Trainee: 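Please see the structure below; I have some questions.
In what follows, chains are A, B, ... by sequence order, proteins preceding strands, each numbered from 1. Keep in mind that this is a model prediction, so the values were computed, not measured. Just the heavy atoms: all of them, side chains too, but no hydrogens, waters or symmetry mates, feed the values below.
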Amino acid sequence: MSIWQYANPVKFLALSTRVQPVIWTAAVLCVAVGLLWGFFATPDDARQGATVKIIYLHVPAALMAINAWFMMLVASLIWLIRRHHVSALAAKAAAPVGVVMTLIALITGAIWGQPMWGTWWVWDPRLTSFLILFLFYLGYIALWEAVEDPDTAADLTSVLCLVGSVFAVLSRYAVKFWNQGLHQGTSVPVATGGRSVADVFFYPLVVSMVGFGLLFLALVLYRTGTEIRLRRASALLARAGRES
Amino acid sequence: MELRVDNLTIARGGVPVLAGVHFVLPAGRALVLRGPNGAGKTTLLRTLAGLQPALSGQISGAGERIAYAAHADGLKAMLSVTENLQFWAEIFGTRETDAALDAYALRPLAERMAGTLSAGQKRRLGLARLLVTGRPVWVLDEPTVSLDTAAVAQFAAALQTHLAAGGSAVIATHIDLGFKAATLDIASFRAASTLLAGASDEAFL
Amino acid sequence: MTALLARDLRLAFRAGGGFGLALAFFLIVVVLVPFSVGPESSLLAAIAPGVLWLGALLACLLSLDRLLALDFEDGTLDLLVGAPIPLEGALSVKALAHWLTTGLPLVLAAPVLGVLLNLPLAGFGWLTASLLAGTPALSVIGTFGAALTVGIKRGGLLLSLLVLPLYVPTLIFGAETARRGAMGMEATTPLAMLTGITLATVALMPFASAAVLRMGLR
């Protein structure tokens with residue numbers, strides 16, 4: 001029994017339909033608990049006041065915006081190497097979710113930035129990088145929509161995802177070089193173990209981040225299921241056309 | 001060296017169209033493909049030319065020996081007839097264009113821009129391109145479209161010269177070329193609609 | 001390969017080949033800038049390096065959809081795949097031809113247009129150097145975009161959408177070199193980064209371009 005058996009669309013659908021209710025419930029629960037806890041049960045920040053509470057939306061969304069692209073990169077590689085259709089369709093399904101996460105991060109960032117920095121938008125490296133990431137998502141989705149043959153579309157978008165990832169990292173460094181920036185450092189640095197937010201703010205943030213991760217997973221499973229059913233419908237139509 | 005095709009299965013748009021295609025084409029022979037529209041002639045020819053992968057089966061004696069010609073001739077309107085031929089001759093490393101010009105009576109048109117040629121004249125130039133490739137196996141998709149009877153005769157003559165010199169050709173055409181050639185009715189290889197051959201849509205059925 | 005280069009250059013120079021269109025576009029963009037931001041010399045001098053870089057980038061982008069689309073329509077690409085030259089090489093040559101007919105004229109025209117925008121004297125050398133180092137990357141990355149969209153009808157707009165984000169690092173380092181140079185600052189660091197990007201893309205992008213072209217032609 002290897003994990004690759006779920007590369008079969010039928011088996012994947014069966015499993016994902018079974019686990020989806022659990023994941024949806026957990027996702028809604030975590031997001032609700034994280035946001036409510038964060039908004040109503042934490043004190044105002046000494047300097048930032050109540051505006052800091054947008055962190056419970058902003059940080060998880062930003063986290064998932066990047067992780068969605070990373071997931072697409074892995075899925076694209078699996079498609080290019082092992083030719084599993086589910087992988088390509090999962091990458092396709094994740095892109096719009098990633099775009100929405102990027103947009104949430106950008107918009108909440110602007111709303112947070114207005115009282116803090118006195119302006120809705122600055123060309124800060126982090127903000128700029130997210131804007132560039134947003135453009136990459138748009139190009140990726142547009143390419144999927146433009147190519148008629150689904151396998152060719154999967155091939156082309158996978159290579160675009162690979163090349164785009166390299167250029168996205170390159171842009172990140174270029175943008176850092178170009179403008180040093182206002183944005184505060186990472187809120188939850190994993191590598192160093194230290195953190196710049198106090199525990200009262202940190203725990204609801206973690207719950208919210210887990211919730212966003214689960215929400216992303218649930219949405220991608222759901223959308224991948226839709227894509228598989230669409231492909232199945234068109235495959236059946238194509239075969240039926242050959243019989244007549 | 002012969003062109004050998006064994007148990008070839010090919011797909012178009014993710015659906016298998018032909019299955020179990022097999023033939024042997026010895027040097028010096030031509031093979032005419034017949035079959036109704038949509039039977040998979042173009043797909044088979046493109047597979048032979050290496051432009052798309054087969055689902056299964058073997059092709060031997062193809063690859064770098066194939067010269068492919070389809071509906072689009074790869075001609076540039078803003079280059080003269082000679083320049084067009086010379087370009088392809090250089091790409092294929094032959095440099096010899098005189099024979100090709102003569103075979104299709106293109107000499108009077110040699111300095112004309114390809115864009116000013118009629119459809120039939122362009123087609124002749126496209127077929128003349130085959131001669132400058134120096135490749136032994138011609139894979140031709142409807143080569144006589146828009147040719148008049150005189151030009152068809154030029155094509156038949158060029159083809160016979162090519163075969164006499166040890167070349168071979170696979171041709172999808174509906175007209176009679178005026179000499180005896182083996183025919184292969186590809187309708188007999190039509191893939192059953194229930195066939196599972198590893199086509200890309202199969203995983204979803 | 002030289003045959004392919006010679007043919008592409010010849011086609012570009014013949015009537016209808018589109019040579020000079022990019023240059024004319026560059027000129028018009030630069031002329032329109034003072035109309036949109038006002039004629040003040042100090043303002044124009046400040047934005048000149050950025051405007052010239054952006055104009056050159058857009059002019060380059062404008063000519064990309066002809067790079068492979070014409071060869072696709074007339075069947076040349078199908079025949080090139082079967083030809084005894086590697087597709088990676090063929091695409092590198094096509095990118096080179098694109099640079100020679102688009103990028104290089106832009107590099108040569110930029111200092112002249114710099115005069116129109118009151119570019120400070122110190123900036124001319126850096127501007128030319130940065131364009132010379134950066135425009136080959138624009139052509140090579142553009143070839144990748146053209147190969148991605150080759151089978152798509154009306155792929156022009158999509159091509160811009162795909163290529164522009166890929167142009168970001170080149171634009172940043174290129175314009176930064178020109179800007180620092182014009183302000184009399186040290187500009188060798190961004191110039192070195194820019195050259196690095198160009199060398200890396202020239203070395204690696206043709207493989208990606210050939211891969212997507214083979215996928216697209218299938």
Trainee: Show the nearest heavy-atom pair for residues B:Ser80 and C:Arg14, with the distance to one decimal.
Mentor: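 Nearest pair, atom of B:Ser80 first, then C:Arg14: N-NH1, 4.3 Å.
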Trainee: Working to the nearest 0.5 angstrom, can you tell me the gap between B:Met78 CE and C:Leu70 CG?
Mentor: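 Taking CE in B:Met78 and CG in C:Leu70, the distance rounds to 12.5 Å.
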Trainee: Specify which of B:Gln52, B:Lys76, B:Glu90 makes the most heavy-atom pairs with chain C at under 4.5 Å.
Mentor: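 Highest number of heavy-atom pairs under 4.5 Å: B:Lys76.
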Trainee: With a 4.5 Å cut-off on heavy-atom pairs, point out which of B:Ala72, B:Ala77, B:Ala89, B:Ala49 contacts chain C the most.
Mentor: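 The residue among B:Ala72, B:Ala77, B:Ala89, B:Ala49 with the greatest pair count is B:Ala72.
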Trainee: Is it the case that atom CG in C:Leu157 sees more than 12 heavy atoms from other parts of the structure closer than 6.0 Å?
Mentor: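 Incorrect, the count does not exceed 12.
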Trainee: Looking at every non-hydrogen atom in both residues, tell me the closest pair between C:Arg218 and B:Pro53 and how far apart they are.
Mentor: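 Nearest heavy atoms, C:Arg218 then B:Pro53: CD-CD, 3.1 Å.
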Trainee: With rounding to the nearest 0.5 angstrom, report the OG1 to CG distance, C:Thr76 to B:Asp73.
Mentor: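 Answer rounded to 0.5 Å: 9.5 Å.
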Trainee: For residues C:Leu217 and B:Arg46, report the shortest heavy-atom separation together with the two atoms involved.
Mentor: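 Residues C:Leu217 and B:Arg46, closest heavy atoms: O-NH2, 2.9 Å.
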Trainee: Between atom CE of C:Met1 and atom CD1 of B:Ile91, what is the distance when rounded to the nearest 0.5 Å?
Mentor: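 If I round to the nearest 0.5 Å, the distance is 8.5 Å.
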Trainee: Got a second to check how far B:Trp88's CH2 is from C:Leu80's CG, nearest 0.5 Å?
Mentor: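 So the CH2 of B:Trp88 and the CG of C:Leu80 are separated by 4.5 Å.
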Trainee: Which pair of non-hydrogen atoms, one from B:Gly74 and one from C:Leu79, has the smallest distance, and what is that distance?
Mentor: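 So the two residues come closest at CA-CD1, 4.0 Å.
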Trainee: So, for B:Phe92 and C:Pro84, which heavy atoms are closest and what is the spacing to 0.1 Å?
Mentor: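 Looks like CD2-CD, 3.5 Å.
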Trainee: In terms of heavy-atom proximity below 4.5 Å to chain C, should B:Leu75 be classed as side chain, backbone, both, or neither?
Mentor: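 Looking at B:Leu75, just its backbone touches chain C.
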Trainee: Kindly give the heavy-atom pair with the smallest separation between C:Gly82 and B:Glu64, and that separation in Å.
Mentor: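 The pair with the smallest heavy-atom distance is O-OE2, 4.5 Å.
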Trainee: When only pairs under 4.5 Å are counted, which of C:Thr2, C:Val81, C:Leu4, C:Ile85 shares the most heavy-atom pairs with chain B?
Mentor: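 Option with the top pair count is C:Leu4.
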Trainee: Counting only heavy atoms not in B:Arg29, do more than 12 fall under 6.0 Å of its CZ?
Mentor: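 At most 12 heavy atoms, drawn from other residues, nucleotides or ligands, come within 6.0 Å of this atom.
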